[in-house]
Amino acid sequence: MKKKMMIWALAAALLLPTTAGVAAEETRTIEDESIYDVLVDRYFNKQIQNDYAVDATDPAAFSGGDFAGMESELAHVRDMGFTMLSVGPVFQTASYDGRQVLDYSQLERHFGTAEEFQSLIEEVHEGEMKVIVDLPTQEVSAKHVWVQEHPEWFTENENETLSLDTSNEEAQQALIKMFADFRDTYAIDGVRLLNAEALDPVFVETFSADIKQKEEFYVLADAEMDNQAGFDAVVQAGVEQTLRDSYRNFDQSLAEVPELMQQADGKLIRVDSLDGSRFTFDIVESRGYPPTRWRMLFSQLLTMPGVPVVQYGSETAMNGEALPESHQILDMAVEKELIDHITNLNSLRNSSEALRTGDLEMLHEEEGWMVYKRSNDEESWIIAINNSSETKSLSVAPDVVGEGMELRGLFESDIVRPDEDGQYRLTLDRELVETYHITEKRGLNTAYIVTLGLMYLIFMGFLWVVWKKGKQRKADEAAKQTK
């Protein structure tokens, strides 16, 4: 697997000489980001000093994950290529998921100290990522510190939590002041407002205007909704169910995906969410094969328009029908094939502005066979998805690809050149996705072949040295026995 990753990276570098590093030089917007979404309590437990009444065997209890554990295992997120870490709610809370806030002015002691949280943020920034936190207001604890002094700010929910009335001007100002202080103290890069669809629109716009006092500070919504003033991005309506229905098994219709893709520019796109069941549950229920289904789904998610949001555990095909079962502790000791696939896709997306914000052209969609083009003035890609149970083919016209061009596949190592009619014939086996880079037609890639040849010679040399040392060791042992 490591050898395959190395070869893929070399190929990508050779195919993308003009795009690598471009993203790092430009000012990024929310459309350039990819978000890894996690709950502190379910990531990694490092400090036993903050394990108060922790019970990892009870899905509804605190499991022990903390800021120090997140910092120690941050490479897991960074190496997959995500540009933003969403750590969930971090305020003092009565629940492991951080939603039942008790006091906005305090960090949850199960998660660690202010110094540990600051250290985590600095480590995230050191890794050239951003960090955002969640702000819950609609399911806070009935014991919230504001309740006694300002009961008029709250209304009761059916689950015995309280909703903060964000249309109340005093409550608005208190919340804005609290979070402005929090932002300044910890130098975070954004906030996601939970239960966004229930918030007063005037509050959202006022909050955003007051909080966004520096470039690249994001205010995001957590809900599928229409664009709303104050939010830099909302979740694309219908995205989760449409993608789940389309990829839970092969031979599922992709008919609703093209329209979804056309509407996804600048929107948050996701498949799992932290509010309910996992996509793996849908796959198993449909008798699908999770690794293949997830591989195809990630290929779609990371090459279509929109801002991908990937929930923790998706990279390990975490299962679960409902909360808290779907909030399992992250298991990093798993087969890395899916993680490697995400890494490759994110590497490609981070290097290609066309895949992040380029134009979309749908070339074909029928019976689980979908082909689309992403392009800008500098580069073009064709993504082919065969979500069917049989081999599929499509002839692409030269006016789509360009004269004297060829298609170079990055995952299946396919090279497509024009046939005698000038058509580009794409052929893909069942349940596969290929990402083709449209590039000028050329002969053999000498640099690539030389690199592979050198790798082979080095590997054979290594085997020879091992064999030689083994032979010498056996001879030395035999000599000792004859003495």
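The first residue in the sequence is number 1, and the count goes up from there. Quick note: numbers below take in every heavy atom, side chains included, and nothing from hydrogens, waters or symmetry partners. Only a predicted model underlies this, so the values are computations on that prediction, with no experimental measurement involved.
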Pairwise distance [atom1]([X]) to [atom2]([Y]) - rounded to 0.5 angstrom:
{"X": "Ile329", "Y": "Phe44", "atom1": "CD1", "atom2": "CZ", "answer": "11.0 Å"}
{"X": "Glu108", "Y": "Gln100", "atom1": "CD", "atom2": "CD", "answer": "11.5 Å"}
{"X": "Glu403", "Y": "Lys441", "atom1": "CD", "atom2": "NZ", "answer": "11.0 Å"}

(message) Quick check with a 6.0 Å cut-off and a 45 degree axis cone: is Arg278 positioned over the face of Tyr312's six-membered ring?
(response) yes
Heavy-atom check, side chain of [X] versus side chain of [Y], under 4.5 Å:
{"X": "Arg42", "Y": "Tyr96", "value": "yes"}
{"X": "Leu199", "Y": "Val204", "value": "yes"}
{"X": "Gln300", "Y": "Ile383", "value": "no"}
{"X": "Met370", "Y": "Val257", "value": "yes"}
{"X": "Ile132", "Y": "Ile188", "value": "no"}
{"X": "Asp32", "Y": "Thr29", "value": "yes"}
{"X": "Val219", "Y": "Phe231", "value": "yes"}
{"X": "Leu194", "Y": "Gln138", "value": "no"}

Between the main-chain N or O of [Y] and the side-chain N or O of [X], is there a donor-acceptor pair closer than 3.5 Å?
{"X": "Ser351", "Y": "Ser347", "result": "yes"}
{"X": "Ser352", "Y": "Leu348", "result": "no"}
{"X": "Asp97", "Y": "Arg99", "result": "yes"}
{"X": "Lys46", "Y": "Ser72", "result": "no"}
{"X": "Gln328", "Y": "Asn319", "result": "yes"}
{"X": "Glu285", "Y": "Ile283", "result": "no"}
{"X": "Asn157", "Y": "Asn159", "result": "no"}
{"X": "Thr427", "Y": "Ser393", "result": "no"}
{"X": "Asp340", "Y": "Asn344", "result": "no"}
{"X": "Asn249", "Y": "Ser286", "result": "yes"}

(message) Ignoring hydrogens and geometry beyond distance, is a side-chain donor-acceptor pair present between Asp41 and His327 at under 3.5 Å?
(response) no
(request) Please determine, by modelled atom types, if Trp381 and Thr303 share a side-chain donor-acceptor pair under 3.5 angstrom. (result) no
Of all heavy-atom pairs between [X] and [Y], which one has the smallest distance, and what is that distance?
{"X": "Glu33", "Y": "Val307", "value": "O-CG1, 3.4 Å"}
{"X": "Ala317", "Y": "Pro290", "value": "CB-CB, 4.4 Å"}
{"X": "Ile385", "Y": "Tyr247", "value": "CD1-OH, 3.5 Å"}
{"X": "Asn350", "Y": "Arg356", "value": "O-NH1, 3.0 Å"}
{"X": "Ile269", "Y": "Ala264", "value": "CG2-CB, 4.1 Å"}
{"X": "Ser388", "Y": "Arg430", "value": "O-CB, 3.3 Å"}

(message) Which residue in the set Val38, Leu301, Asn346 passes side-chain contact (heavy atoms from CB on, under 4.5 Å) when paired with Val310?
(response) Leu301
(request) I would like to know whether Leu345 and Ser299 meet side chain to side chain contact (heavy atoms under 4.5 Å, CB included); could you show each step before the answer? (result) CA-CA 7 Å; Leu345 287 166; Ser299 297; 4.0 Å; yes
(request) Return the orientation label for the Phe111 and Phe67 ring planes: parallel under 30°, perpendicular over 60°, tilted otherwise. (result) perpendicular
(request) Quick one: which residue pairs count as a salt bridge (Lys or Arg N to Asp or Glu O under 4.0 Å) with a foot in residues 218-233, not counting sequence neighbours? (result) Lys212-Asp232
(request) With sequence neighbours excluded, give me every salt bridge (Lys or Arg N to Asp or Glu O under 4.0 Å) pair touching residues 243-257. (result) Glu240-Arg244, Arg244-Asp272, Arg244-Asp282, Asp245-Arg248, Arg248-Asp282
(request) Establish, yes or no, whether a centroid distance under 6.0 Å links the rings of His341 and Phe411. (result) yes
Sidechain N-carboxylate O distance under 4.0 Å for [X], [Y]:
{"X": "Asp37", "Y": "Arg270", "result": "no"}
{"X": "Arg417", "Y": "Glu406", "result": "yes"}
{"X": "Arg293", "Y": "Glu431", "result": "yes"}

(request) Keeping to residues at least two apart or across chains, list the ring-ring contact (aromatic ring centres under 6.0 Å, His included) pairs with something in residues 258-305. (result) Phe279-Trp294, Trp294-Phe298
(message) Is there a side chain to side chain contact (heavy atoms under 4.5 Å, CB included) between Leu394 and Tyr424? Walk through the geometry before answering.
(response) CA-CA 8 Å; Leu394 178 71; Tyr424 294 82; over 6 Å; no
(request) Could you give me the CA-CA distance, side-chain angles and deciding distance for Thr137 and Leu193, then say whether side chain to side chain contact (heavy atoms under 4.5 Å, CB included) is met? (result) CA-CA 8 Å; Thr137 61; Leu193 300 179; 6.0 Å; no
(request) Would you please name every residue forming a side chain to side chain contact (heavy atoms under 4.5 Å, CB included) with Asp377, sequence neighbours left out? (result) none
(request) Please list, chain by chain and in numerical order, all residues satisfying side chain to side chain contact (heavy atoms under 4.5 Å, CB included) with Asp414, sequence neighbours excluded. (result) Val416, Glu434, Tyr436
(message) Under the rule for salt bridge (Lys or Arg N to Asp or Glu O under 4.0 Å), what residues qualify as partners of Glu367, not counting sequence neighbours?
(response) Lys392
(request) Under the side chain to side chain contact (heavy atoms under 4.5 Å, CB included) rule, what do Asn227 and Lys267 come out as? Steps first, then yes or no, please. (result) CA-CA 9 Å; Asn227 287 333; Lys267 304 283 186 64; 3.0 Å; yes
(message) For Glu412, I'd like to know if atom CD has over 12 heavy atoms of other residues, nucleotides or ligands within 6.0 Å.
(response) yes
